[in-house]
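Below: the structure, in structure tokens.
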Amino acid sequence: MSNQIIQPRTLKGFRDYLPESMIPRERLMEVARSVYRSYGFSPIDTPALEYAEILCGKGSDETDKQMFRFIDHGKRDVGMRFDLTVPLARFVAQHGNTLGMPFKRYHIGPVWRGENTQAGRYREFAQCDFDTIGTRSVASDIETGLVIFDLMKAIGFDRFKIRINNRKVLNGLLQKNDLGDHSVVVLRALDKLAKIGPEKVKAEMMAAANASAAQVEGVMQLTEIKGSNQEVLQQLEPLCQGHDLAEEGVAQLRQLVDATVAVGITDENLVLDVSIARGLDYYTGTIFETFLDDLPGIGSVCSGGRYDNLAQLYTKQEYPGIGASLGLDRLLTAMQQLEMIEPVKTSADVMVVQFSAENLNTYLQIAASLRRQGIKTEVFPDAKKLKQQLKYADRQGFAAVIVAGEDELAQGKLSVKTMADKNQVELPLTETNQELCDFLKEKLG
RNA sequence: GUGGGUAUAGCUCAAUUGGUUAGAGCGCUGGAUUGUGAUUCCAGAGGUUGGGGGUUCAAUUCCCCUUACUCACCCCA
């Protein structure tokens, strides 16, 4: 037996979530779930641990290096998932025949990356993905945009911009400039435009793709295009003329813009931005990035795009699809900075004071009557001083407190105190406490 | 993974050129004659100064290692 105390600590990049951060976190997930479901997306989950060969398949060196990987007790080479897309690809390859296409799924869960930490970047973080598999229809591209729009609105944002582009336009123009073979590095450089400026982007393109100044200028023409969505399309069309792929991309962009206008989304929230590229190399069509007007520096809070062949590593069956991922942790950071999160430590609305231990059953009955009507209620566990119980209630952030001491009980009543305005009213104590419930429901909105 | 910065109570910070029992505010726990919180007053708990090693009569202070945080790069949500 050792008395040695083990120092409590968490691994680098791994965090505990206290109630005040977990409550808004869960709320955000609930909002996302309800939006996804409203479009017919179904939930799935996959294991945290997969065979390493499954995860490595996509095999950029970068993801391999970042993966948590080990040999398990059965000598299997295993790794922890570093995103939800690779497991989805395996999932679709494995179950595609029973799922039926199109398949629309959402998946919220933790992923792990053994990369170096930075503010807002952790080794364990949640992803919140939705994807539509098994169709090439632009209708799904449009729907993806609508889902992002609804997500942002439902979370409570009005001032945000969903930036849209199409890889076909980008790749088409690269091919026109004989840079088609270097698309990955060129687009990666282009993606940094806002961050490092046009000169450095050009320099990086020339260095990384061995491109001539003329080739680079040809690509950078894109970044000159500005204006309303209609104006951007008008400038883009002549630029893409004569190249099938690029023309197809522009046509898709036009269809997408027209559709979103039709459902009432304006340029305020949805903008064509031909310079966004996304670092990921597997996107082949429409791409999305979402920025907050009030916090652009935080980066994209919801990104995604279309890919031609999701599961090519695991099956010969082709599965085209489109999807996007909501940046949960970034959004929470943003909401905190914008003071959109109320400091609450409890998930209950109401606390019943335990005035005296003898009347505990009465308090339990009151709480039960509230819960039956959907009002979340906590009974204080000890018959401590009223002052202490109120202090606790204040700190936890309850909206209201119910006090039923000897005075009230003798008259068949109870007192309700609303914490925010300190007001206290007396209401009758009954079997169902209907008056109390109505009162609280009004107060709680 | 590469390079810079930081590390003192739960939080934000002090501690005179290295000097003796490391302080404050907030927070926390309890109390101020028996039933009212966020604004009073009093008291208390809580630190081997992130951890380990070295230099020194003496280290929170100087040096090395390690861990964590942080910024940039890389990459990305």
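What's counted below: heavy atoms across the whole structure, side chains too, no hydrogens, waters or symmetry copies. Chain letters run A, B, ... following the sequence lines, proteins first, then strands; residues in each count from 1. Here the structure is a predicted model, which is why all the values come from computation and not from measurement.
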Checklist entry - Looking across every strand, which nucleic acid part, if any, lies under 4.0 Å from A:V353 by heavy atom: base, sugar-phosphate, or nothing? => result nothing
Item to check | For B:A72, the Watson-Crick or wobble partner whose two distances fall under 3.5 Å | outcome: B:U2
Checklist entry - For A:F125 and B:A77, do the ring centres fall under 5.5 Å apart while the planes stay under 30° apart? => result yes
Next on the checklist: My understanding is that only residues two or more places apart in sequence, or in another chain, count here; which of them pass side-chain contact (heavy atoms from CB on, under 4.5 Å) with A:A334?
Outcome noted: A:L292, A:L295, A:I298
Checklist entry - Which value, in whole Å, describes the distance between the C1' atoms of nucleotides B:G18 and B:A22? => result 15 Å
Checklist entry - Taking atom C1' in both B:G51 and B:U60, what distance in whole Å separates the two? => result 15 Å
Checklist outcome for this item: Taken to the nearest whole Å, CG/A:L18 to P/B:C11 is 11 Å
Checklist entry - Once you round it to whole Å, what is the distance between C1' of B:C26 and CZ of A:R395? => result 14 Å
Next on the checklist: Using whole Å, what does the distance between atom P of nucleotide B:C76 and atom CG of A:D329 come to?
Outcome noted: 18 Å
Checklist entry - Which pair of heavy atoms, one from A:T46 and one from A:P87, lies closest together, and at what distance? => result OG1-CB, 3.5 Å
Checklist outcome for this item: The Watson-Crick or G-U wobble partner of B:C26, with both key distances under 3.5 Å, is B:G10
Next on the checklist: What's the gap between B:U39 and B:A59 when it is taken at their P atoms, as a whole Å value?
Outcome noted: 44 Å
Next on the checklist: Rounding to an integer number of Å, can you tell me how far A:R15 CZ sits from B:C69 P?
Outcome noted: 11 Å
Checklist outcome for this item: note: A:L390, atom CG; B:U39, atom P; distance rounded to Å ~ 15 Å
Checklist entry - Do A:I375 and A:L436 have side chains that get closer than 4.5 Å, going by heavy atoms? => result no
Checklist entry - In residues 407-415 of chain A, which ones come under 4.0 Å of RNA chain B, going by heavy atoms? => result A:D407, A:E408
Checklist entry - Expressed as a whole number of Å, how far does the P atom of B:C62 sit from that of B:U8? => result 15 Å
Checklist entry - Heavy-atom count around A:K376 NZ within 6.0 Å, excluding the residue itself: above 12? => result no
Next on the checklist: Quick test of your reading of the model: are A:D308 and A:K168 salt-bridged, counting only N-O distances below 4.0 Å?
Outcome noted: no
Item to check | Integer angstrom distance from the C1' of B:G50 to that of B:G10 | outcome: 15 Å
So which protein nitrogen or oxygen atoms get under 3.5 Å of nucleotides 5-8 of chain B's nitrogens or oxygens?
none

Checklist entry - Hey, does the side-chain of A:Q389 have a donor or acceptor N/O within less than 3.5 Å of a partner on the base of B:U36? => result no
Checklist entry - Whole Å only: how far is the NZ atom of A:K391 from the P atom of B:G37? => result 10 Å
Item to check | Residue whose nearest RNA chain B nucleotide is more 5′ - A:G327 or A:K417 | outcome: A:K417
Next on the checklist: Rounding to an integer number of angstrom, what distance separates B:G44 and B:A7 when you compare their P atoms?
Outcome noted: 31 Å
Item to check | Interatomic distance where CD1 belongs to A:I287 and P belongs to B:A77 [whole Å] | outcome: 12 Å
Item to check | For A:E217, all residues meeting salt bridge (Lys or Arg N to Asp or Glu O under 4.0 Å), sequence neighbours excluded | outcome: A:K202
Item to check | For A:D267, all residues meeting salt bridge (Lys or Arg N to Asp or Glu O under 4.0 Å), sequence neighbours excluded | outcome: none
Checklist entry - So, does A:D129 use its side chain to make a donor-acceptor pair with the main chain of A:H107 at under 3.5 Å? => result no
Checklist entry - Taking only residues at least two apart or on different chains, which pairs with a member in residues 131-147 of chain A satisfy side-chain hydrogen bond (donor to acceptor under 3.5 Å, both in side chains)? => result A:K104-A:E143, A:R105-A:D131, A:D131-A:Y307, A:R136-A:E318, A:D141-A:T286, A:D141-A:R306
Checklist entry - Who does B:G37 pair with, Watson-Crick or G-U, both distances under 3.5 Å? => result none
Item to check | Contact check, side chains of A:F91 and A:L99, non-hydrogen atoms, under 4.5 Å | outcome: yes
Next on the checklist: What's the closest nucleotide to the side chain of A:E115 if the choices are B:C75, B:G37, B:U36?
Outcome noted: B:C75
Next on the checklist: Using a 6.0 Å cut-off, check whether atom CZ of A:R25 has over 12 heavy atoms from anything other than its own residue.
Outcome noted: yes
Checklist entry - Under 4.0 Å between a side-chain N or O of A:R330 and OP1 or OP2 of B:C76? => result no
Next on the checklist: For residues 106-117 of chain A, which residue pairs pass the salt bridge (Lys or Arg N to Asp or Glu O under 4.0 Å) check, not counting sequence neighbours?
Outcome noted: A:E115-A:R121
Residues 393-410 of chain A, side-chain donor-acceptor partners within the protein, below 3.5 Å, at least two apart:
from	atom 1	to	atom 2	distance (Å)
A:E408	OE1	A:G405	N	3.0
A:E408	OE2	A:S415	OG	2.8

Item to check | Gap in Å between the two P atoms, one belonging to B:A15 and one to B:C28, rounded | outcome: 27 Å
Checklist entry - With rounding to whole Å, what would you report as the distance between B:U17 and B:U56 at their C1' atoms? => result 16 Å
Checklist outcome for this item: Looking only at heavy atoms, the pair that brings A:T117 and A:G13 closest together is CG2-CA, 3.5 Å
Next on the checklist: Expected output is a numbered-order residue list: members of residues 148-159 of chain A with a heavy atom under 4.0 Å from any atom of RNA chain B. What is it?
Outcome noted: none
Checklist entry - Does the A:R81 side chain pair with the main chain of A:L55, one donor and one acceptor, at a distance under 3.5 Å? => result no
Checklist entry - Considering residues at least two apart in sequence or located in another chain, which fulfil the side-chain contact (heavy atoms from CB on, under 4.5 Å) criterion with A:D438? => result A:Q434
Checklist outcome for this item: With A:Y392 as partner, the option from A:K387, A:K384, A:E378 fulfilling side-chain hydrogen bond (donor to acceptor under 3.5 Å, both in side chains) is A:E378
Could you write out each protein N or O paired with an N or O of nucleotides 70-73 of chain B at a distance under 3.5 Å?
from	atom 1	to	atom 2	distance (Å)
B:C71	OP2	A:A119	N	2.6
B:A72	OP2	A:Q118	OE1	3.3

Next on the checklist: For A:F41 and A:F130, take the angle between the two ring planes, folded into 0 to 90°, and tell me which bin it lands in: parallel under 30, tilted 30 to 60, perpendicular over 60.
Outcome noted: perpendicular
Checklist entry - When we call it a touch if two heavy atoms are under 4.0 Å apart, what does A:G114 touch: a base, just sugar-phosphate, or nothing? => result nothing
Checklist entry - Expressed in angstrom and rounded to an integer, what is the separation of A:Q424 atom CD from B:G37 atom P? => result 11 Å
Mind listing the N/O atom pairs, protein and nucleotides 31-34 of chain B, below 3.5 Å?
from	atom 1	to	atom 2	distance (Å)
B:G31	OP1	A:K385	NZ	3.4
B:A32	OP2	A:K385	NZ	3.2
B:A32	N6	A:K387	NZ	3.2

Checklist entry - Below 4.5 Å, heavy atoms only, C-beta onward: do A:Y363 and A:S356 meet side chain to side chain? => result yes
Checklist outcome for this item: 5'-most contact on RNA chain B (nearest-nucleotide basis), A:T10 vs A:R113, goes to A:T10
